[in-house]
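Comments concern the structure below.
Just so you know, these numbers come straight off a predicted model, no measurement behind them. Numbered from 1 within each chain, the chains take letters A, B, ... in sequence-line order.
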2 protein chains.
Amino acid sequence: MLTVPLDEARARELAEAFAVLADPVRLRLLSLIASQPGGEVCACELAGPLGRSQPTVSHHLKVLFEAGLVDRERRGTWIWYRARAERLEPLRATLATPRAATRGRTAPRPGGGPPGAAGRRRARPG
Amino acid sequence: MLTVPLDEARARELAEAFAVLADPVRLRLLSLIASQPGGEVCACELAGPLGRSQPTVSHHLKVLFEAGLVDRERRGTWIWYRARAERLEPLRATLATPRAATRGRTAPRPGGGPPGAAGRRRARPG
DNA sequence: AGTATATATTGGCGGCGGTGAATGTTGTAC
DNA sequence: GTACAACATTCACCGCCGCCAATATATACT
């Protein structure tokens, strides 16, 4: 959750994870896989509706797999993909904010006086 | 939610939003702003602890602002930033998956037989 | 063996994005 | 007015990434 400042290492981890989601092809792949009734899809069903070449789809599936967001299993000629919901949970939890958007709104100070700087002028707020 | 396949337009929207989060500096900025007790921070407090130059921080704050993830208000010399929790909610909701990770797991078919292809061989599953 | 299909990898191109030095703009105090 | 501080913008460099054609690999069937 965004209740405490992120250190650099954790921020880099999360940024890498979000970068995996920052592509429309990968998002569509993930939604196609996750929305499947049986929970799994053959990769041959994924190349078609995305309007991308087979190597491109294979590349994005590899990115999703190496990020741990999907699982795959070879059964004969075909490879079946499953979404890993437990890997999306931490990302989802990260986007939770401590307070509601409209609560705790302090009134703006028209004079521009920073909080805690009653006496001094031109000093950094804090 | 990932219960229905995303169309290309929606996938592009979401990908743009996630791309904003796909940077460690922006994630740290967002967490620094959101975790502030009063809910707001002066920009001058943000440039320091990130180890980046002032133009870089200014650039990332602009990206966050134009994405609607933070709000800003000028009060004299300083500019105060607030997190917009209501803009993070849709992204958070997107990452919800319909089923738990360990539920509904169908047993793998060792023969490789695709579902619905009882009679035919070498045909695409589905 | 050969042939066909499914998926992965390679290679190269083009574009986007993070970064900071230098510079510009805005606001306050004198 | 001048001087100083906070913040924004411009510019150029560099690296990464999405894309596809070609090719490679794997599996199945004859």
Sugar-phosphate only, base, or nothing, as touched by B:Y81 at under 4.0 Å among non-hydrogen atoms: sugar-phosphate

Nucleotide C:dA6, atom C1' - distance to CZ of A:R72 in whole Å: 13 Å

A:K62, nearest nucleotide to its side chain (from C:dT9, D:dG18, D:dA8): C:dT9

Side chains of A:I33 and A:L61 in contact at under 4.5 Å (non-hydrogen atoms): yes

Selection from C:dT28, C:dG18, D:dT9 that lies nearest to any side-chain heavy atom of B:P55: D:dT9

Phosphate contact (D:dC20 OP1 or OP2) by A:T56 side-chain N/O below 4.0 Å: yes

Distance in angstrom units between B:L27 CG and C:dG18 P, rounded: 12 Å

Listed nucleotide nearest any side-chain atom of B:W78, set C:dG18, D:dG18, D:dA6: D:dA6

Check: A:L32 and A:V41 side chains under 4.5 Å, non-hydrogen atoms: no

N or O in side chain of B:T77 less than 4.0 angstrom from C:dG27 OP1/OP2: no

Atom-to-atom span, CG of B:L50 to C1' of C:dG20 - whole angstrom: 15 Å

Flag side-chain contact, heavy atom, 4.5 Å: A:Q36 against A:E40: no

N/O donor-acceptor pair under 3.5 Å between A:R92 side chain and B:L95 backbone: no

Integer-rounded Å distance: D:dA28 P and A:R75 CZ: 13 Å

Among C:dT19, D:dA28, D:dC20, the one nearest B:H60 by side-chain distance: C:dT19

Spacing of A:R52 atom CZ relative to C:dT7 atom P, expressed in whole Å: 19 Å

d(CD, A:Q54; P, D:dA21) in whole Å: 11 Å

Rounded interatomic separation in angstrom, taking CZ from B:R74 and C1' from C:dG27: 6 Å

Sugar-phosphate only, base, or nothing, as touched by B:H59 at under 4.0 Å among non-hydrogen atoms: base

B:R74 (side chain) donor-acceptor with B:I79 (main chain) under 3.5 angstrom: no

Whole angstrom value for the distance that separates C1' of C:dA8 from CG of A:L46: 15 Å

